[in-house]
Asker: 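Below is the structure I would like to discuss, written out as structure tokens.
The model shown is predicted, which means the values in this text are computed figures rather than measured ones.
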Amino acid sequence: MEYFWYIVAALGAWVGTGLAGLSAATVMVPILIVLCPSFGGEYGAYQATAIALASDILGSAVSSSVYAKNKHIDLKHGWVMMACIISLSAVGSYAAYLVGNVVLGGFTLLLTFCIGIRFLIKPDTSKSGADASNVRLGWKEILISLFFGLTIGFGTGFVGTGGGMMMLVVFTAFLGYDLKTAVGTSTFIMTFTALIGFVSHSLIHPAIILERWDVLLICIVTATAASLISAQFANRVNSKTVGRVTGVILTVLGAAMIYLNYFQDVVLPPLVLELLHTLAVLVVFLLIAVCAALCGFEFLHIDGEVRRKVLHTIAFLIVLVILLASEHWYVPALLSILFIAVVYPVLKLFEAKQFYASLFQERTAGEVRKSLVLLFGTAAVLITLFWGVLDSELTVLSAVLAWGLGDEAAALVGKRYGRHKIGWRFADSHKSYEGSGAMLCVSFLAVLLSLTVGGVPLSTALPAAIIGAAAATVTEAVTKKGYDTVTVPCVLAVIIGVILR
């Protein structure tokens, strides 16, 4: 489960580095220290900050290259701040090591929330009519740059976050930069501060590289790609839109992370606490997943079946998230029903709007609402029966994962390469052998890996994967009108459950 949150945390770089010129740590560090137990030790937050800084190196570099291409970088008035920030970041890094996890983690969570509020209050930080090219870098501007540069430099090394935000404020409020130029300039500077900060953290605490190399690799690759896409998006829309989106995401994310970190101190019934905990985790996932998807749709011009399957992936991942974040079966079962109760009327309300049609691209009227009820209703039933009654959470996880990934593979491969239609009497005439082959392979791997990772012996996991994948493929091929959302996970759950028992 932690690897899933590593990817989600790194995807958060799209709203930080590429979109608003903030350090990726603004989003990454709170997620890592709250949702990943391995970062809960004495130096967990210190390691999380180092990983976020490492992700910032390439993320800031590719983002600044996009801003430079659009002529939104100006060091003419920012070189003093750049020199000060770079020189003090190593000092802040050492101070963070001495302070430890409690102060560092709590400060990061609070800062994330405050930055979000700041963007909500004023989404466009630039002065009206300001033009950096007409601002002379006199003694007053130099003093301002020295003061803020030294402060920001130390703060960047200390918490690994906040530097981009502070640079944004100084560049727009004091040096007259427009928001996009301020973002581009701050990401350029953060490329160097992140490099120095990461090297300093690693030299002080080598376990970051020796023991966390897998997390580093995942976060660096994911954050770099996310930053590139979001930077392209930010250069296509106006500054107020960027500010508002950033404010909403960081405010909700910060509030959720603060709750998750300190919820055990609240005196509430255990059921309510667990429900709120799982709901907060779900909010974090939805914020990053949905925003990353929308940004990808805009930048990559994703359309048609691929767009449908991206949204399909997010939907079944919601089920996995609430399963993995819960300790008792009744919490994800209840949340599945609540999700239908809340989202269904919202979809109904906006169904007639133009953006709704372009976003979901329904084949038939009400398709998304129908799929919502089928998916989460089925999830609630499976959770109740197999986890609640039979005490087998792993059965539900494997069934949902195999169905979600397998169905997606079948649709994408079938649409693109499906030359040979299945001619069975009861089969769906739109299904192909190529798509069914993809379903077979992907669902087999999903069941096998989920069961073995869950501690099931290979001698049991292998037959469950073979039989389950074969049955799921046949079921998917003969199920019509989108009801495979019900039939496939149910068939998988029954087969896996019987074999595991």
Asker: Do Thr278 and Ser326 have side-chain N/O donor and acceptor atoms under 3.5 Å apart?
Answerer: yes
Asker: I need the minimum non-hydrogen distance between Thr191 and Ala61, along with the two atoms involved.
Answerer: OG1-N, 3.3 Å
Asker: How about Leu375 and Ile318: do any of their side-chain heavy atoms sit closer than 4.5 Å?
Answerer: no
Asker: Phe386 versus Leu394: any side-chain heavy-atom pair under 4.5 Å?
Answerer: no
Asker: Give the minimum heavy-atom separation between Leu382 and Val396, together with the two atoms involved.
Answerer: O-CG2, 3.6 Å
Asker: To the nearest 0.5 Å, what is the distance between CD (Gln47) and OG (Ser38)?
Answerer: 8.0 Å
Asker: Nearest 0.5 Å, please: how far is CD in Glu393 from CD in Glu327?
Answerer: 10.0 Å
Asker: Got a second to check how far Thr460's OG1 is from Ile499's CD1, nearest 0.5 Å?
Answerer: 8.5 Å
Asker: Below 30° counts as parallel, above 60° as perpendicular, anything between as tilted: where do the rings of Phe316 and His312 land?
Answerer: tilted
Asker: To the nearest 0.5 Å, tell me how far Leu32 CG sits from Arg212 CZ.
Answerer: 8.5 Å
Asker: Measure the CG-CZ distance between Leu449 and Phe444 for me, rounded to the nearest 0.5 Å.
Answerer: 8.5 Å
Asker: Take Leu372 and Phe339, measure what side chain to side chain contact (heavy atoms under 4.5 Å, CB included) needs, and give me the verdict at the end.
Answerer: CA-CA 9 Å; Leu372 173 79; Phe339 197 82; 3.7 Å; yes
Asker: Compare all side-chain heavy atoms of Phe376 with those of Leu335 and state whether any distance is below 4.5 angstrom.
Answerer: no
Asker: Measuring from atom CG of Leu53 to atom OG of Ser60, what distance do you get when rounded to the nearest 0.5 angstrom?
Answerer: 9.5 Å
Asker: Going by side-chain contact (heavy atoms from CB on, under 4.5 Å), Val400 matches just one of Leu320, Thr378, Ile383. Which one?
Answerer: Leu320
Asker: If I compare all heavy atoms of Val62 with all of Thr224, which pair ends up nearest, and what's the gap?
Answerer: CG2-O, 3.7 Å
Asker: How far apart are the closest heavy atoms of Ile220 and Ser55, and which atoms are they?
Answerer: N-OG, 3.7 Å
Asker: Please determine whether side chain to side chain contact (heavy atoms under 4.5 Å, CB included) holds for the pair Thr222 and Tyr6, giving the CA-CA distance in whole Å, both sets of side-chain angles, and the decisive distance to 0.1 Å.
Answerer: CA-CA 9 Å; Thr222 307; Tyr6 298 157; over 6 Å; no
Asker: Do Leu458 and Leu448 come within less than 4.5 Å of each other through their side chains, counting heavy atoms only?
Answerer: yes
Asker: I'd like to check Ile322 versus Val331 (side-chain heavy atoms, cut-off strictly below 4.5 Å). Are they in contact?
Answerer: no
Asker: Is there a side-chain contact between Leu275 and Leu334 (heavy atoms, below 4.5 Å)?
Answerer: yes
Asker: Under the criterion side chain to side chain contact (heavy atoms under 4.5 Å, CB included), I'd like the reasoning laid out for Asp484 against Thr487: C-alpha separation, chi angles, the key distance, then a yes or no.
Answerer: CA-CA 5 Å; Asp484 55 338; Thr487 59; 4.0 Å; yes
Asker: Between Ile208 and Leu216, what is the shortest heavy-atom contact and its length?
Answerer: O-CD1, 3.6 Å
Asker: What pair of heavy atoms forms the shortest contact from Val447 to Ala402, and how long is it?
Answerer: CG2-CB, 3.5 Å
Asker: Step by step, would you call Ile209 with Phe198 a side chain to side chain contact (heavy atoms under 4.5 Å, CB included)?
Answerer: CA-CA 10 Å; Ile209 296 177; Phe198 173 68; 4.2 Å; yes
Asker: Glu476 side chain to Met439 main-chain N or O, any donor-acceptor pair under 3.5 Å?
Answerer: no
Asker: Would you mind reporting whether Leu324 and Leu397 have side-chain heavy atoms less than 4.5 Å apart?
Answerer: yes
Asker: Is there side-chain contact between Leu500 and Leu451, with heavy atoms separated by less than 4.5 Å?
Answerer: yes
